[in-house]
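Worth saying up front: this structure is predicted, and the values here are computed from it rather than measured. Residues take their numbers from the sequence shown, with the count starting at 1.
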Amino acid sequence: MRRNPAVDQKNCRVFVTGSGGGMIAELIGGKFVQEVTAVSLAVEKMHPEVYSVVELGGQDAKIIVFKDDSDTGRKRRSRP
């Protein structure tokens with residue numbers, strides 16, 4: 001893999017998800033993040049207009065539903 005001089009530890013962080021993510025994150029100096037948490041944070045930040053997500057993984061599928069929080073005005077993940 002080629003090294004990109006614009007990417008270093010001062011301006012970049014690595015997060016890893018998935019069944020092998022914990023071990024890989026430790027090896028590369030990254031952080032493990034649970035898949036639903038990672039997808040939820042990304043959708044909230046990059047696609048605030050979205051209120052449901054279907055995440056298809058290699059071993060399972062997850063449906064994440066968001067609702068508006070009347071107290072804060074922010075979108076939050078709905079709990080079943």
- request: Starting from the C-alpha separation in whole Å, work towards a yes-or-no answer on side chain to side chain contact (heavy atoms under 4.5 Å, CB included) for I28 and V16.
  value: CA-CA 10 Å; I28 64 172; V16 183; 4.1 Å; yes

Does the side chain of [Y] come within less than 4.5 Å of [X]'s, by heavy atoms?
X   : Y   : answer
D68 : Y51 : yes
V39 : I64 : yes
R13 : K31 : no

message: So does V36 get a backbone contact from the side chain of S40, meaning a donor-acceptor N/O pair under 3.5 Å?
response: yes

Tell me the closest heavy-atom pair linking [X] and [Y], and the distance in Å.
X   : Y   : answer
T17 : A38 : CG2-CB, 3.8 Å
F32 : A25 : N-CB, 3.8 Å
V43 : F66 : CG1-CE1, 3.8 Å

Does atom [atom1] of [X] have more than 12 heavy-atom neighbours, drawn from other residues, nucleotides or ligands, at distances under 6.0 Å?
X   : atom1 : answer
L41 : CG    : yes
Q59 : CD    : no
Q34 : CD    : yes

task: Inspect the contact between D69 and K67 and indicate whether a charged nitrogen and a carboxylate oxygen are less than 4.0 angstrom apart.
output: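 D69 and K67: not salt-bridged.
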
- prompt: Roughly how far, to the nearest 0.5 Å, is CD of E55 from CD1 of I63?
  reply: 11.0 Å

task: Tell me whether L56 is reachable from V65 by hopping between hydrophobic residues (I, L, V, M, F, W, Y) whose side-chain heavy atoms are closer than 4.5 Å.
output: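 In one cluster: yes.
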
